[in-house]
Amino acid sequence: MTTDPYAETRETTEGTVYTVTGGDWDTLLDDVAADEHDDRIVINMGPQHPSTHGVLRLVLELEGETVTQGRTVIGYLHTGIEKNCEYRTWTQGVTFVTRMDYLAPLFNETGYCLGVEKLLGIEVPRRAQLIRVLLMEINRIGSHLVCLATGGMELGALTGMTAGFREREEVLHLLEYLTGLRMNHAYIRPGGLSQDLPVDWAEKVTDFVKIMKSRLPDYDKLLTGQPIWKQRLEGVGYLPVDGCLALGATGPILRSAGLPWDQRKIEPYSCYEEFDFEVPTATEADCYARYRLRVAEIHESVKIIEQAVKLIEPGPVMVEDRKVAWPAQLSIGSDGMGNSLEHVRKIMGQSMESLIHHFKLVTEGFHVPAGQVYSTVESPRGELGFHLVSDGGTRPVRVHVRDPSFVNLQTMPAMSEGGMVADVIAAVASIDPVMGGVDR
(Lines give C-alpha, C1' and ligand atoms only; values in the text may rest on other atoms or scores of the structure.)
Protein backbone atom coordinates (compact mmCIF):
# COMPACT_ATOMS: atom_id res chain seq x y z
CA MET A 1 0.00 0.00 0.00
CA THR A 2 1.34 3.42 -0.89
CA THR A 3 1.98 5.89 1.88
CA ASP A 4 -0.97 8.25 2.25
CA PRO A 5 0.20 11.87 2.60
CA TYR A 6 -2.81 12.71 4.75
CA ALA A 7 -3.28 9.69 7.00
CA GLU A 8 -0.89 7.11 8.31
CA THR A 9 -2.39 3.61 8.31
CA ARG A 10 -1.90 0.44 10.30
CA GLU A 11 -3.63 -2.91 10.03
CA THR A 12 -5.49 -4.23 13.09
CA THR A 13 -7.82 -7.13 13.76
CA GLU A 14 -10.67 -4.64 13.25
CA GLY A 15 -9.41 -3.59 9.82
CA THR A 16 -7.39 -0.60 8.62
CA VAL A 17 -7.00 2.20 11.18
CA TYR A 18 -6.20 5.71 9.92
CA THR A 19 -4.39 8.32 12.00
CA VAL A 20 -5.44 11.72 10.69
CA THR A 21 -3.67 14.85 11.95
CA GLY A 22 -4.45 18.40 10.95
CA GLY A 23 -5.84 19.47 7.59
CA ASP A 24 -9.44 19.76 6.50
CA TRP A 25 -11.54 16.59 6.36
CA ASP A 26 -13.51 17.67 3.27
CA THR A 27 -10.32 18.48 1.35
CA LEU A 28 -8.89 15.10 2.30
CA LEU A 29 -11.91 13.26 0.93
CA ASP A 30 -11.86 15.29 -2.31
CA ASP A 31 -8.20 14.49 -2.87
CA VAL A 32 -8.48 10.74 -2.32
CA ALA A 33 -10.11 8.65 -5.04
CA ALA A 34 -13.58 7.35 -4.16
CA ASP A 35 -12.54 3.70 -4.29
CA GLU A 36 -9.74 4.27 -1.79
CA HIS A 37 -11.78 5.59 1.13
CA ASP A 38 -14.57 3.06 1.42
CA ASP A 39 -12.98 1.56 4.57
CA ARG A 40 -15.05 1.63 7.72
CA ILE A 41 -14.12 3.79 10.68
CA VAL A 42 -14.21 2.20 14.13
CA ILE A 43 -14.56 4.63 17.03
CA ASN A 44 -14.76 4.29 20.79
CA MET A 45 -17.46 6.17 22.63
CA GLY A 46 -16.55 5.95 26.30
CA PRO A 47 -15.77 4.58 28.80
CA GLN A 48 -14.98 8.16 29.88
CA HIS A 49 -17.75 9.97 28.09
CA PRO A 50 -20.49 12.22 29.52
CA SER A 51 -23.18 10.56 27.37
CA THR A 52 -22.65 6.89 28.25
CA HIS A 53 -24.36 6.94 31.67
CA GLY A 54 -21.29 5.92 33.58
CA VAL A 55 -18.29 3.86 32.59
CA LEU A 56 -19.81 2.20 29.52
CA ARG A 57 -17.76 1.77 26.34
CA LEU A 58 -19.46 1.63 22.95
CA VAL A 59 -17.46 0.43 19.95
CA LEU A 60 -19.14 1.92 16.88
CA GLU A 61 -18.36 1.07 13.28
CA LEU A 62 -19.24 3.95 10.98
CA GLU A 63 -19.73 4.67 7.34
CA GLY A 64 -19.75 8.44 7.25
CA GLU A 65 -22.08 9.30 10.14
CA THR A 66 -24.15 6.13 9.84
CA VAL A 67 -23.63 3.41 12.44
CA THR A 68 -23.22 0.04 10.70
CA GLN A 69 -22.34 -1.91 13.83
CA GLY A 70 -22.50 -1.16 17.53
CA ARG A 71 -21.13 -3.18 20.43
CA THR A 72 -21.19 -2.59 24.18
CA VAL A 73 -18.10 -3.24 26.29
CA ILE A 74 -18.89 -3.53 30.00
CA GLY A 75 -17.08 -4.44 33.19
CA TYR A 76 -15.30 -1.18 34.02
CA LEU A 77 -17.31 -0.81 37.25
CA HIS A 78 -17.19 -4.43 38.40
CA THR A 79 -17.63 -4.65 42.18
CA GLY A 80 -18.21 -8.35 42.86
CA ILE A 81 -21.29 -7.62 44.95
CA GLU A 82 -22.95 -11.00 44.33
CA LYS A 83 -19.84 -12.91 45.47
CA ASN A 84 -19.38 -10.59 48.46
CA CYS A 85 -22.91 -11.43 49.64
CA GLU A 86 -21.89 -15.09 49.90
CA TYR A 87 -19.27 -14.18 52.54
CA ARG A 88 -21.65 -12.18 54.74
CA THR A 89 -24.75 -12.95 56.79
CA TRP A 90 -28.18 -12.69 55.18
CA THR A 91 -28.77 -9.31 56.86
CA GLN A 92 -25.38 -7.91 55.89
CA GLY A 93 -26.20 -8.73 52.25
CA VAL A 94 -28.58 -5.75 52.23
CA THR A 95 -25.67 -3.32 52.55
CA PHE A 96 -24.10 -4.81 49.42
CA VAL A 97 -27.13 -5.09 47.12
CA THR A 98 -28.26 -1.52 47.87
CA ARG A 99 -25.11 -0.35 46.09
CA MET A 100 -25.79 -2.12 42.76
CA ASP A 101 -28.29 0.06 40.92
CA TYR A 102 -27.35 3.14 42.93
CA LEU A 103 -30.24 5.18 41.49
CA ALA A 104 -32.78 2.64 42.79
CA PRO A 105 -31.26 1.31 46.05
CA LEU A 106 -34.58 0.67 47.79
CA PHE A 107 -35.69 -1.67 44.98
CA ASN A 108 -32.49 -3.70 45.38
CA GLU A 109 -33.11 -3.96 49.11
CA THR A 110 -36.76 -4.96 48.71
CA GLY A 111 -36.12 -7.58 46.02
CA TYR A 112 -33.36 -9.19 48.09
CA CYS A 113 -35.39 -9.14 51.32
CA LEU A 114 -38.47 -10.62 49.60
CA GLY A 115 -36.30 -13.57 48.57
CA VAL A 116 -34.88 -14.08 52.06
CA GLU A 117 -38.38 -13.83 53.56
CA LYS A 118 -39.69 -16.45 51.10
CA LEU A 119 -36.93 -18.85 52.18
CA LEU A 120 -37.69 -18.13 55.85
CA GLY A 121 -41.43 -18.57 55.27
CA ILE A 122 -42.27 -15.38 57.18
CA GLU A 123 -44.71 -12.58 56.45
CA VAL A 124 -43.64 -9.00 57.04
CA PRO A 125 -45.99 -6.79 59.13
CA ARG A 126 -48.46 -4.79 57.04
CA ARG A 127 -47.07 -1.42 58.13
CA ALA A 128 -43.58 -2.44 56.96
CA GLN A 129 -44.93 -3.64 53.59
CA LEU A 130 -46.78 -0.36 52.96
CA ILE A 131 -43.76 1.72 54.02
CA ARG A 132 -41.69 -0.27 51.51
CA VAL A 133 -44.17 0.70 48.78
CA LEU A 134 -44.04 4.34 49.85
CA LEU A 135 -40.23 4.40 49.76
CA MET A 136 -39.97 2.55 46.44
CA GLU A 137 -42.34 4.94 44.69
CA ILE A 138 -40.47 7.98 46.04
CA ASN A 139 -37.30 6.28 44.79
CA ARG A 140 -38.90 5.58 41.38
CA ILE A 141 -39.61 9.29 40.94
CA GLY A 142 -36.00 10.14 41.78
CA SER A 143 -34.64 7.54 39.34
CA HIS A 144 -36.86 8.68 36.47
CA LEU A 145 -35.91 12.30 37.15
CA VAL A 146 -32.23 11.42 36.72
CA CYS A 147 -33.07 9.66 33.45
CA LEU A 148 -34.92 12.72 32.14
CA ALA A 149 -32.23 15.11 33.41
CA THR A 150 -29.22 13.27 32.01
CA GLY A 151 -31.05 12.52 28.75
CA GLY A 152 -31.84 16.21 28.41
CA MET A 153 -28.25 17.20 29.12
CA GLU A 154 -26.91 14.75 26.51
CA LEU A 155 -29.25 16.08 23.84
CA GLY A 156 -28.56 19.73 24.61
CA ALA A 157 -31.58 20.57 26.78
CA LEU A 158 -29.58 21.90 29.72
CA THR A 159 -32.60 23.43 31.48
CA GLY A 160 -34.14 19.95 31.52
CA MET A 161 -31.05 18.77 33.37
CA THR A 162 -31.06 21.54 35.98
CA ALA A 163 -34.81 21.10 36.57
CA GLY A 164 -34.52 17.31 36.86
CA PHE A 165 -31.74 17.45 39.43
CA ARG A 166 -33.57 20.18 41.33
CA GLU A 167 -36.55 17.86 41.81
CA ARG A 168 -34.34 14.87 42.54
CA GLU A 169 -32.79 16.84 45.37
CA GLU A 170 -36.29 17.04 46.91
CA VAL A 171 -36.49 13.24 46.62
CA LEU A 172 -33.12 12.72 48.28
CA HIS A 173 -33.93 15.18 51.09
CA LEU A 174 -37.14 13.27 51.81
CA LEU A 175 -35.46 9.84 51.69
CA GLU A 176 -32.74 11.10 54.03
CA TYR A 177 -35.39 12.30 56.46
CA LEU A 178 -37.32 9.01 56.33
CA THR A 179 -34.44 6.51 56.33
CA GLY A 180 -31.42 8.43 57.59
CA LEU A 181 -29.45 8.36 54.33
CA ARG A 182 -29.77 9.91 50.86
CA MET A 183 -28.60 6.74 49.07
CA ASN A 184 -27.45 3.18 49.95
CA HIS A 185 -29.98 3.16 52.78
CA ALA A 186 -29.85 -0.46 54.09
CA TYR A 187 -33.19 0.52 55.64
CA ILE A 188 -35.23 -2.43 54.34
CA ARG A 189 -34.11 -5.58 56.18
CA PRO A 190 -35.14 -9.26 56.12
CA GLY A 191 -38.28 -9.34 58.27
CA GLY A 192 -39.24 -5.69 57.89
CA LEU A 193 -37.43 -2.38 58.35
CA SER A 194 -34.41 -1.32 60.41
CA GLN A 195 -36.56 1.19 62.33
CA ASP A 196 -39.89 3.00 62.14
CA LEU A 197 -40.48 6.26 60.27
CA PRO A 198 -40.12 9.61 62.09
CA VAL A 199 -43.22 10.88 63.88
CA ASP A 200 -44.10 13.59 61.33
CA TRP A 201 -43.34 11.51 58.21
CA ALA A 202 -46.86 11.98 56.75
CA GLU A 203 -46.56 15.80 56.72
CA LYS A 204 -43.15 15.64 55.03
CA VAL A 205 -44.41 13.24 52.36
CA THR A 206 -47.54 15.35 51.75
CA ASP A 207 -45.38 18.46 51.30
CA PHE A 208 -43.23 16.55 48.79
CA VAL A 209 -46.33 15.51 46.81
CA LYS A 210 -47.45 19.15 46.63
CA ILE A 211 -44.05 20.23 45.29
CA MET A 212 -44.03 17.47 42.66
CA LYS A 213 -47.56 18.26 41.50
CA SER A 214 -46.66 21.92 41.08
CA ARG A 215 -43.45 21.23 39.15
CA LEU A 216 -44.31 18.25 36.96
CA PRO A 217 -46.27 20.34 34.40
CA ASP A 218 -43.02 22.26 33.77
CA TYR A 219 -41.54 19.21 32.05
CA ASP A 220 -44.36 19.16 29.52
CA LYS A 221 -43.89 22.88 28.89
CA LEU A 222 -40.12 22.56 28.64
CA LEU A 223 -39.69 19.31 26.71
CA THR A 224 -42.76 17.33 25.63
CA GLY A 225 -44.01 19.69 22.94
CA GLN A 226 -40.65 21.27 22.16
CA PRO A 227 -39.99 20.85 18.39
CA ILE A 228 -36.23 20.19 18.65
CA TRP A 229 -36.76 17.69 21.48
CA LYS A 230 -39.37 15.82 19.43
CA GLN A 231 -37.20 15.79 16.31
CA ARG A 232 -34.28 14.34 18.26
CA LEU A 233 -36.42 11.54 19.76
CA GLU A 234 -39.31 10.67 17.43
CA GLY A 235 -38.60 7.64 15.26
CA VAL A 236 -35.18 7.21 16.89
CA GLY A 237 -34.13 4.04 18.73
CA TYR A 238 -37.05 2.04 17.33
CA LEU A 239 -37.48 -1.41 18.89
CA PRO A 240 -40.84 -3.17 18.36
CA VAL A 241 -42.39 -5.61 20.79
CA ASP A 242 -40.99 -8.76 19.13
CA GLY A 243 -37.48 -7.31 19.37
CA CYS A 244 -38.03 -6.46 23.04
CA LEU A 245 -39.21 -10.00 23.81
CA ALA A 246 -36.36 -11.60 21.86
CA LEU A 247 -33.80 -9.56 23.79
CA GLY A 248 -35.52 -9.84 27.20
CA ALA A 249 -36.11 -6.10 27.54
CA THR A 250 -38.49 -5.00 30.31
CA GLY A 251 -39.63 -1.78 31.92
CA PRO A 252 -40.32 1.39 29.89
CA ILE A 253 -38.60 -0.11 26.81
CA LEU A 254 -41.10 -2.99 26.65
CA ARG A 255 -44.08 -0.82 27.60
CA SER A 256 -43.18 1.73 24.91
CA ALA A 257 -43.74 -1.11 22.40
CA GLY A 258 -47.29 -1.67 23.64
CA LEU A 259 -47.00 -4.52 26.18
CA PRO A 260 -48.27 -3.46 29.66
CA TRP A 261 -45.89 -5.76 31.56
CA ASP A 262 -45.34 -4.58 35.14
CA GLN A 263 -44.44 -6.85 38.07
CA ARG A 264 -46.61 -4.73 40.39
CA LYS A 265 -49.66 -5.84 38.39
CA ILE A 266 -48.53 -9.27 37.07
CA GLU A 267 -47.17 -10.64 40.37
CA PRO A 268 -48.11 -8.12 43.10
CA TYR A 269 -45.90 -7.92 46.19
CA SER A 270 -45.91 -5.75 49.34
CA CYS A 271 -49.70 -5.05 49.11
CA TYR A 272 -49.45 -3.48 45.61
CA GLU A 273 -52.76 -5.17 44.76
CA GLU A 274 -54.48 -2.70 47.10
CA PHE A 275 -53.32 0.35 45.15
CA ASP A 276 -55.16 1.99 42.27
CA PHE A 277 -52.73 2.96 39.51
CA GLU A 278 -52.29 2.60 35.75
CA VAL A 279 -49.44 1.05 33.77
CA PRO A 280 -48.75 3.63 31.01
CA THR A 281 -48.04 2.17 27.56
CA ALA A 282 -47.37 3.44 24.05
CA THR A 283 -47.07 1.86 20.62
CA GLU A 284 -44.48 4.04 18.89
CA ALA A 285 -41.59 2.01 20.42
CA ASP A 286 -39.15 4.91 20.04
CA CYS A 287 -37.15 7.21 22.32
CA TYR A 288 -39.94 9.79 22.47
CA ALA A 289 -42.43 7.18 23.68
CA ARG A 290 -40.02 6.08 26.42
CA TYR A 291 -39.57 9.68 27.52
CA ARG A 292 -43.35 10.23 27.72
CA LEU A 293 -43.83 6.96 29.61
CA ARG A 294 -41.34 7.93 32.28
CA VAL A 295 -43.09 11.26 32.82
CA ALA A 296 -46.42 9.40 33.03
CA GLU A 297 -44.95 6.90 35.51
CA ILE A 298 -43.86 9.76 37.79
CA HIS A 299 -47.50 10.92 37.87
CA GLU A 300 -48.63 7.35 38.73
CA SER A 301 -46.02 7.12 41.51
CA VAL A 302 -47.34 10.36 43.01
CA LYS A 303 -50.82 8.76 43.07
CA ILE A 304 -49.47 5.63 44.80
CA ILE A 305 -47.63 7.76 47.39
CA GLU A 306 -50.85 9.65 48.22
CA GLN A 307 -52.69 6.34 48.69
CA ALA A 308 -49.87 4.91 50.83
CA VAL A 309 -50.07 7.87 53.22
CA LYS A 310 -53.74 7.02 53.84
CA LEU A 311 -53.23 3.23 54.06
CA ILE A 312 -50.29 3.13 56.49
CA GLU A 313 -51.56 2.38 60.01
CA PRO A 314 -49.76 2.07 63.36
CA GLY A 315 -48.11 -1.27 64.06
CA PRO A 316 -44.79 -3.11 64.17
CA VAL A 317 -42.25 -2.73 61.36
CA MET A 318 -40.34 -5.97 62.08
CA VAL A 319 -41.48 -9.57 62.52
CA GLU A 320 -42.05 -10.74 66.09
CA ASP A 321 -39.66 -13.72 65.75
CA ARG A 322 -36.69 -12.78 67.95
CA LYS A 323 -34.47 -15.23 66.08
CA VAL A 324 -34.88 -13.22 62.87
CA ALA A 325 -35.63 -9.63 63.90
CA TRP A 326 -32.37 -7.74 63.52
CA PRO A 327 -31.37 -5.49 65.14
CA ALA A 328 -33.78 -7.34 67.47
CA GLN A 329 -36.43 -4.59 67.51
CA LEU A 330 -34.15 -2.44 69.60
CA SER A 331 -35.36 0.93 70.75
CA ILE A 332 -33.12 3.66 69.38
CA GLY A 333 -30.94 5.74 71.69
CA SER A 334 -31.46 9.46 72.30
CA ASP A 335 -28.80 10.26 69.67
CA GLY A 336 -30.94 8.59 66.98
CA MET A 337 -28.29 5.89 66.66
CA GLY A 338 -27.21 2.92 68.70
CA ASN A 339 -29.32 1.27 71.40
CA SER A 340 -31.40 2.82 74.14
CA LEU A 341 -30.11 2.86 77.72
CA GLU A 342 -32.81 0.40 78.83
CA HIS A 343 -31.69 -2.14 76.24
CA VAL A 344 -28.01 -1.75 77.12
CA ARG A 345 -28.88 -2.05 80.83
CA LYS A 346 -30.80 -5.28 80.18
CA ILE A 347 -28.22 -7.06 78.05
CA MET A 348 -25.20 -5.84 80.03
CA GLY A 349 -26.47 -6.09 83.61
CA GLN A 350 -29.60 -8.19 83.96
CA SER A 351 -29.79 -11.01 81.41
CA MET A 352 -26.79 -13.02 80.25
CA GLU A 353 -29.08 -14.86 77.79
CA SER A 354 -30.09 -11.54 76.16
CA LEU A 355 -26.45 -10.57 75.78
CA ILE A 356 -25.50 -13.91 74.22
CA HIS A 357 -28.49 -13.81 71.86
CA HIS A 358 -27.75 -10.22 70.84
CA PHE A 359 -24.09 -11.08 70.21
CA LYS A 360 -24.81 -14.20 68.15
CA LEU A 361 -27.56 -12.53 66.11
CA VAL A 362 -25.34 -9.59 65.18
CA THR A 363 -22.12 -11.51 64.53
CA GLU A 364 -23.30 -14.89 63.24
CA GLY A 365 -26.75 -14.07 61.89
CA PHE A 366 -29.87 -16.22 61.66
CA HIS A 367 -30.18 -19.59 59.92
CA VAL A 368 -32.24 -19.72 56.71
CA PRO A 369 -33.84 -23.07 55.69
CA ALA A 370 -32.17 -24.82 52.75
CA GLY A 371 -33.71 -24.09 49.35
CA GLN A 372 -33.65 -21.66 46.48
CA VAL A 373 -35.94 -18.84 45.46
CA TYR A 374 -36.39 -16.24 42.72
CA SER A 375 -38.03 -12.98 43.80
CA THR A 376 -38.81 -10.01 41.57
CA VAL A 377 -39.75 -6.36 41.88
CA GLU A 378 -40.53 -3.74 39.21
CA SER A 379 -37.58 -1.38 39.34
CA PRO A 380 -37.56 1.90 37.35
CA ARG A 381 -35.70 0.02 34.60
CA GLY A 382 -37.77 -3.18 34.52
CA GLU A 383 -37.77 -6.62 36.13
CA LEU A 384 -35.22 -6.80 38.94
CA GLY A 385 -34.87 -10.41 40.10
CA PHE A 386 -32.89 -12.13 42.86
CA HIS A 387 -31.97 -15.81 42.74
CA LEU A 388 -30.95 -16.84 46.26
CA VAL A 389 -29.71 -20.30 47.31
CA SER A 390 -29.42 -21.43 50.94
CA ASP A 391 -27.90 -24.59 52.42
CA GLY A 392 -29.49 -23.94 55.80
CA GLY A 393 -26.66 -21.78 57.11
CA THR A 394 -26.29 -18.17 58.16
CA ARG A 395 -24.89 -17.08 54.77
CA PRO A 396 -26.18 -17.49 51.21
CA VAL A 397 -24.54 -20.19 49.09
CA ARG A 398 -25.33 -18.27 45.91
CA VAL A 399 -26.68 -14.83 45.11
CA HIS A 400 -27.38 -13.96 41.49
CA VAL A 401 -29.17 -10.83 40.30
CA ARG A 402 -31.12 -10.34 37.11
CA ASP A 403 -30.46 -6.65 36.75
CA PRO A 404 -32.68 -4.92 34.13
CA SER A 405 -29.91 -2.50 33.08
CA PHE A 406 -27.70 -5.46 32.13
CA VAL A 407 -30.40 -7.16 30.05
CA ASN A 408 -31.76 -3.95 28.51
CA LEU A 409 -28.31 -2.80 27.43
CA GLN A 410 -28.19 -5.47 24.73
CA THR A 411 -30.94 -3.58 22.89
CA MET A 412 -28.45 -0.82 22.05
CA PRO A 413 -27.22 -2.33 18.73
CA ALA A 414 -30.79 -3.08 17.59
CA MET A 415 -31.81 0.51 18.35
CA SER A 416 -28.72 2.19 16.90
CA GLU A 417 -27.51 0.30 13.83
CA GLY A 418 -28.58 2.03 10.65
CA GLY A 419 -29.01 5.37 12.41
CA MET A 420 -26.72 8.33 12.93
CA VAL A 421 -24.00 8.67 15.58
CA ALA A 422 -26.03 11.44 17.25
CA ASP A 423 -28.97 9.04 17.57
CA VAL A 424 -26.86 6.56 19.54
CA ILE A 425 -26.83 9.14 22.35
CA ALA A 426 -30.64 9.33 22.34
CA ALA A 427 -30.98 5.53 22.20
CA VAL A 428 -28.64 4.92 25.15
CA ALA A 429 -30.37 7.68 27.14
CA SER A 430 -33.76 6.03 26.51
CA ILE A 431 -32.43 2.66 27.74
CA ASP A 432 -31.38 4.41 31.00
CA PRO A 433 -28.66 1.90 32.00
CA VAL A 434 -27.04 2.25 35.41
CA MET A 435 -23.58 0.74 35.23
CA GLY A 436 -23.46 -0.17 38.91
CA GLY A 437 -26.30 -2.58 38.18
CA VAL A 438 -24.78 -3.83 34.91
CA ASP A 439 -21.34 -4.66 36.31
CA ARG A 440 -22.26 -5.52 39.93
Side-chain angles (χ1 to χ4, degrees), residues 50-51 53 101 103-104 107 134 136-175 182 205-237 251-257 260 262 277-307 378-382 408 422-423 425-434:
S51 295
H53 287 249
D101 181 346
L103 292 183
F107 294 88
L134 173 76
M136 281 190 286
E137 294 307 322
I138 295 170
N139 198 179
R140 191 186 308 277
I141 292 173
S143 179
H144 281 342
L145 285 169
V146 173
C147 176
L148 301 181
T150 53
M153 176 186 68
E154 289 152 13
L155 297 175
L158 286 181
T159 316
M161 185 268 288
T162 52
F165 277 102
R166 178 190 65 186
E167 267 70 86
R168 181 185 181 237
E169 202 59 28
E170 299 286 349
V171 170
L172 295 182
H173 280 317
L174 180 60
L175 287 177
R182 286 160 63 91
V205 173
T206 306
D207 291 343
F208 167 75
V209 168
K210 285 178 187 169
I211 291 172
M212 288 308 300
K213 283 187 168 180
S214 68
R215 293 186 183 172
L216 275 175
D218 294 346
Y219 290 88
D220 289 326
K221 294 175 190 170
L222 186 66
L223 297 174
T224 309
Q226 219 275 345
I228 300 174
W229 183 252
K230 288 179 77 171
Q231 286 167 10
R232 285 302 307 271
L233 296 181
E234 279 188 327
V236 170
I253 299 175
L254 181 58
R255 293 192 284 273
S256 74
D262 189 312
F277 66 99
E278 301 298 321
V279 177
T281 57
T283 53
E284 295 85 355
D286 61 5
C287 293
Y288 189 61
R290 288 171 215 130
Y291 156 74
R292 286 191 297 107
L293 284 192
R294 288 190 174 96
V295 175
E297 284 183 18
I298 293 175
H299 284 282
E300 294 302 318
S301 291
V302 170
K303 277 167 54 179
I304 294 172
I305 291 167
E306 287 181 303
Q307 293 171 58
E378 183 68 31
S379 98
R381 275 156 280 287
N408 291 348
D423 294 339
I425 309 293
V428 172
S430 77
I431 296 170
D432 187 26
V434 174

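Hydrogens, waters and symmetry mates play no part in the numbers below; they use all other heavy atoms, side chains included. Owing to the predicted nature of the structure, the values given are computational and were not obtained by experimental measurement.
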(request) Can you sort out the partners of R168 under side chain to side chain donor-acceptor pair (under 3.5 Å), two or more places apart, ordered by chain and number? (result) none
(message) Within the structure provided, determine whether V295 and L223 are in side-chain contact (heavy-atom separation under 4.5 Å).
(response) no
(request) Sort and list the pairs that fulfil salt bridge (Lys or Arg N to Asp or Glu O under 4.0 Å) and have at least one residue in residues 140-150, not counting sequence neighbours. (result) E137-R140
(request) Start with the C-alpha distance between L233 and D286, add both sets of side-chain angles, then the distance that settles side-chain contact (heavy atoms from CB on, under 4.5 Å), and finish with yes or no. (result) CA-CA 7 Å; L233 296 181; D286 61 5; over 6 Å; no
(request) Name all residues meeting the side-chain contact (heavy atoms from CB on, under 4.5 Å) criterion together with S379; count only those two or more places apart in sequence or in a different chain, and write none if there are none. (result) F107, R381, L384, P404
(message) Test of understanding: with side-chain contact (heavy atoms from CB on, under 4.5 Å), list the residues that count as partners of C147, not counting sequence neighbours.
(response) R294, D432
(request) With sequence neighbours left out, write down each residue that passes salt bridge (Lys or Arg N to Asp or Glu O under 4.0 Å) with R182, or none if nothing qualifies. (result) E169
(message) Just to verify, what does D218 make a side chain to side chain donor-acceptor pair (under 3.5 Å) with, not counting sequence neighbours?
(response) none
(request) Check side chain to side chain donor-acceptor pair (under 3.5 Å) between E278 and all other residues, then give those that pass, not counting sequence neighbours. (result) none
(request) List for me each residue that meets side chain to side chain donor-acceptor pair (under 3.5 Å) alongside D262, sequence neighbours excluded, and say none if there are none. (result) R264
(request) Only counting residues at least two apart or in another chain, list the ones meeting salt bridge (Lys or Arg N to Asp or Glu O under 4.0 Å) with K230. (result) none
(request) Any salt bridge (Lys or Arg N to Asp or Glu O under 4.0 Å) involving residues 152-167? Give me the pairs, sequence neighbours left out, ordered by first then second residue. (result) E167-R215
(message) Strictly distance-based, threshold 3.5 Å: is any side-chain N or O of S143 a donor or acceptor partner for the main-chain N or O of N139?
(response) no
(message) Going by side-chain contact (heavy atoms from CB on, under 4.5 Å), name the residues that satisfy it together with A427, two or more places apart in sequence or in a different chain.
(response) M415, S416
(request) Can you run down the ring-ring contact (aromatic ring centres under 6.0 Å, His included) pairs that involve residues 207-235, sequence neighbours left out, and say none if there aren't any? (result) W229-Y291
